[in-house]
Amino acid sequence: MSQEKVNRYKQEKANRKQIMKKQKMKNYFLNASAALVAIVLVGWIGFSAFHVYQNGQERTVVEANYEAVDTYLNGLAQ
């Protein structure tokens, strides 16, 4: 090995703890961001499925008789 390689190896060996710590943090953030993306994706798919389900449901129609209100308002106008 050349002297340059020996010096580089010694420097890497001296900073090995810091390098390992940086790699662990990088892996942690990578895993955390992947988990966050997965959670958002599952939530979006769930919301979309619920929305499709709700749109497929039959809507109830209610009829209201406003005859009494109309007669009351006509009585006030006179």
Side-chain angles (χ1 to χ4, degrees):
M1 291 172 78
S2 68
Q3 188 62 35
E4 184 181 324
K5 286 182 182 179
V6 171
N7 289 339
R8 193 174 343 135
Y9 176 76
K10 285 181 182 180
Q11 187 178 10
E12 286 179 8
K13 187 175 179 182
N15 295 330
R16 190 168 291 158
K17 285 184 181 180
Q18 293 173 345
I19 293 169
M20 294 297 288
K21 187 176 180 180
K22 285 181 184 179
Q23 286 179 345
K24 285 181 182 180
M25 289 298 287
K26 185 178 177 181
N27 287 339
Y28 173 77
F29 285 120
L30 182 65
N31 290 340
S33 62
L36 182 64
V37 167
I39 289 170
V40 168
L41 186 63
V42 167
W44 179 39
I45 290 171
F47 177 76
S48 297
F50 180 73
H51 188 67
V52 167
Y53 173 76
Q54 286 292 355
N55 287 341
Q57 295 294 321
E58 206 173 297
R59 300 194 190 269
T60 57
V61 178
V62 177
E63 293 184 21
N65 186 359
Y66 290 108
E67 198 173 304
V69 174
D70 289 337
T71 56
Y72 175 72
L73 290 176
N74 287 336
L76 288 178
Q78 292 176 1

What pairs of residues pass the side chain to side chain donor-acceptor pair (under 3.5 Å) test when at least one of them lies in [range], not counting sequence neighbours?
| range | result |
| --- | --- |
| residues 39-54 | His51-Asn55, Tyr53-Gln57 |
| residues 13-24 | none |
| residues 58-73 | none |

Check your understanding: Members other than Phe29 in its cluster, when Ile, Leu, Val, Met, Phe, Trp, Tyr link by side-chain heavy atoms under 4.5 Å?
Key ->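 Hydrophobic cluster check, Phe29: joined to Met25, Tyr28.
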
**Study point:** Whichever hydrophobic residues join Ile39 through chains of side-chain contacts under 4.5 Å
**Key:**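 Ile39 clusters with nothing; isolated.
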
Point to revise | CA sep, side-chain torsions, deciding dist, call: Gln3, Asn7, side chain to side chain donor-acceptor pair (under 3.5 Å) | key: CA-CA 6 Å; Gln3 188 62 35; Asn7 289 339; 3.2 Å; yes

Exercise for review: Not counting sequence neighbours, which residues clear salt bridge (charged side-chain N to carboxylate O under 4.0 Å, His left out) with Glu4? List them please.
Suggested key: Arg8

